Amino acid sequence: MTLSELLPSLGCEAADHLEPGVWPRSTCLGRDGELMFAGAPVSHLAARFGTPAYLIDEAEVRAQARAYRHALPDAEVAFASKALCTRSVLRWVAEEGMSLDTCSAGEIAVARSIGFPAERILLHGNAKTPEDLKAALEYGVRRIVLDSLDEIEQLGALAHHRQQVLIRVTPGVTGDTHAAITTGTEGQKFGFSLVDGVRDNLDRAVAAVLTQPSLSLVGLHCHLGSQVTRVDRYEQAARKMVEVLAHVRDTYGVTLRELDLGGGHAVRYLPVDAGFDLDGYVRRLRVALGYECSSRGFPLPRLTIEPGRAIVGPAGITVYRVCAVKRGSRTFVAVDGGMSDNARPSLYGAKYTARLVGRHSRAARRPMTVVGRHCESGDILADDLQLPDDLHVGDLLAVPCTGAYHHSLASNYNLIGRPPLVGVRDGVATLLVRRETEEDLLARDLG
Ligand SMILES: *Cc1c(COP(=O)(O)O)cnc(C)c1O
């Protein structure tokens, strides 16, 4: 029997939808504690593909892409591929009319392998290698975002025909997010400074690009950081960037037509998390850009934005199987994955929730900590959760909001193979990336 044939018997009851925004809109509770994901029962997916497994809801990714395109019909919306860079996902976002933000030769290779239109691709990165630059030039990536004077010189030498470039600016606006994912302020490694007298400041960058005959300066870029909830920060950045565009025009006589405001829009990992107000963001940006441009007599630039997490994060969940339950002064639930498939708790102190799936439990809820199987005490997936007291070996747990920066940050630490990525649409599951095997692990080790 196929999964879709099973559907009627495992259908969702209307009132059983889980917190939207944390769980994909397609998830709901079916009979007997089953969790339905994009029309498929999660315990069946776990049996078919094994655990741990990343599940991604194709319709949810497409819906997010469409919501962004719809909210900003005149802007270019580029998917930040580092959030989840696989061929199928890039195909979905290409079909939804998105552009693509890449940051390495590897990401360009994936985009190239599916024929992602080069004129819709940007290349970023604070330290691009010659291989990254060559890959972009070879494929004809339309824009490269420059991040240092050294890079301007290198690209100037490598490029042949008027490569379009943007300069990345540090607008001095904080994203109020974790230090490891803040990028818009002074004193971190990204972008050109607006501070006078600093070697890598914006004026030197503009002058350097303008002396390179192979480069064509078309715009400016900034990115505040990641998991930013406050839309007023983007408004501040937009105002600052128009001021900088006007400064470049007044100083160098060039009117730059493109403004890229980066990504970083927050998603909800926990029900208590604030989400990102896309409509408010769009409204404030329009007003801020309209006002700043008209008061400076500057033509409205073509806007690009680069959401990554917001497109794929809430569309994914991870399914684990419980390996052991350790009851002491604290109760630890150890699962068959951990920091190798979810690096975010140990990298940024990120918080997650989890729920039992595949059976219904009437047992009392108790505080438990879900930990991974890796040899590190920081390998904690979710702390202080209320889970049923009868949780036992073999149970399945699902963790929501794992579509972004999970597969892409995964490692094979402890030589645990990386999980598969399974796409689900209308109850039909497709293996998009297979599980990493022991043969894969041995293949690179030449002895
Ligand atoms: C990481 C990154 C993004 C995407 O960030 P999200 O938090 O995934 O939206 C966009 N632009 C640049 C330059 C980035 O480095």
Side-chain angles (χ1 to χ4, degrees), residues 61 64-65 67-68 71-72 75-85 89-90 93 98-104 107-108 111 120-128 132 136 141 143-148 151 165-171 173-185 188-192 219-231 233-234 237-238 241 258-269 273-278 281 303-316 343-344 347-348 350 401-409:
V61 173
Q64 276 304 94
Y68 268 86
L72 285 151
E76 181 178 22
V77 186
F79 173 58
S81 65
K82 70 175 192 262
L84 182 60
C85 190
V89 171
L90 298 197
V93 297
M98 293 185 87
S99 291
L100 195 69
D101 177 17
T102 60
C103 64
S104 70
E107 289 183 352
I108 292 172
R120 276 159 49 191
I121 302 181
L122 296 105
L123 175 69
H124 275 289
N126 77 299
K128 300 171 200 77
D132 295 333
V141 162
R143 285 145 303 169
I144 297 178
V145 182
L146 297 167
D147 216 292
S148 69
E151 189 174 278
V165 296
L166 286 84
I167 293 175
R168 178 163 178 169
V169 177
T170 308
V173 175
T174 168
D176 290 318
T177 184
H178 191 283
I181 48 175
T182 288
T183 60
T185 51
Q188 48 72 48
K189 68 179 183 178
F190 296 96
F192 286 95
L220 298 180
H221 170 277
C222 70
H223 173 68
L224 303 184
S226 227
Q227 194 53 10
V228 178
T229 53
R230 292 187 51 174
V231 293
R233 298 303 192 201
Y234 289 95
M241 293 299 281
E258 297 199 27
L259 175 59
D260 185 334
L261 292 177
H265 308 169
V267 299
R268 296 173 64 215
Y269 289 93
D273 287 346
F276 189 76
D277 174 11
L278 180 59
Y281 166 82
L303 189 65
T304 301
I305 61 164
E306 307 170 328
R309 188 189 312 269
I311 303 296
V312 291
R344 298 187 67 259
L347 271 180
Y348 318 128
C401 207
T402 66
Y405 303 105
H406 281 239
H407 178 273
S408 57
L409 278 175

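Since the structure is predicted, the reported quantities are computational estimates derived from the model, not experimental observations. If you read the sequence from its start, that first residue is 1, and numbering goes on from there. When a ligand or atom number is given, it counts from 1 through the structure's own listing order.
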Quiz prompt | Any Ala404 heavy atom less than 4.0 Å from ligand 1 | solution = no

Quiz item: How about Tyr234 and Phe276: are their ring centroids closer than 6.0 Å?
Solution: yes

Quiz item: By number and element, which atoms of ligand 1 are closer than 4.0 Å to a non-hydrogen atom of Asp101?
Solution: 10 (C), 11 (N), 12 (C)

Self-check item: For Ser226, atoms of ligand 1 separated by under 4.0 Å from a heavy atom
Solution: 5 (O), 6 (P), 7 (O)

Exercise. Output yes when the distance from some N or O of ligand 1 to some N or O of Gly225 is under 3.5 Å, and no in every other case.
Key: no

Quiz item: Between His124 and His223, does the ring centre distance come in under 6.0 Å?
Solution: no

Quiz prompt | Any N or O of Arg168 closer than 3.5 Å to N or O of ligand 1 | solution = no

Exercise. Would you mind listing which atoms of ligand 1 come within a distance below 4.0 Å of any non-hydrogen atom of Gly308?
Key: 6 (P), 8 (O), 9 (O)

Quiz item: Do any nitrogen or oxygen atoms of Gln227 come within less than 3.5 Å of a nitrogen or oxygen of ligand 1?
Solution: no

Quiz prompt | Pair Glu76 + Arg143, salt bridge at N-O below 4.0 Å | solution = yes

Quiz item: What atoms in ligand 1 come closer than 4.0 Å to a heavy atom of Pro307?
Solution: 9 (O)

Quiz item: Heavy-atom contact under 4.0 Å between Phe190 and ligand 1?
Solution: no

Quiz prompt | Candidates Asp260, Leu100, Val77 - the one meeting side-chain contact (heavy atoms from CB on, under 4.5 Å) with Glu306 | solution = Asp260

Quiz item: Run the side chain to side chain contact (heavy atoms under 4.5 Å, CB included) check on Tyr405 and Leu347 step by step: do they pass?
Solution: CA-CA 11 Å; Tyr405 303 105; Leu347 271 180; over 6 Å; no

Quiz item: Under 4.0 Å from ligand 1, counting heavy atoms only, is it the side chain of Glu306, its backbone, both or neither?
Solution: both

Quiz item: Who gets closest to atom 15 (O) of ligand 1 by heavy atom: Arg309, Lys82, His124?
Solution: Lys82

Quiz prompt | Step-by-step salt bridge (charged side-chain N to carboxylate O under 4.0 Å, His left out) determination, Lys82 to Glu107 | solution = CA-CA 8 Å; Lys82 70 175 192 262; Glu107 289 183 352; over 6 Å; no

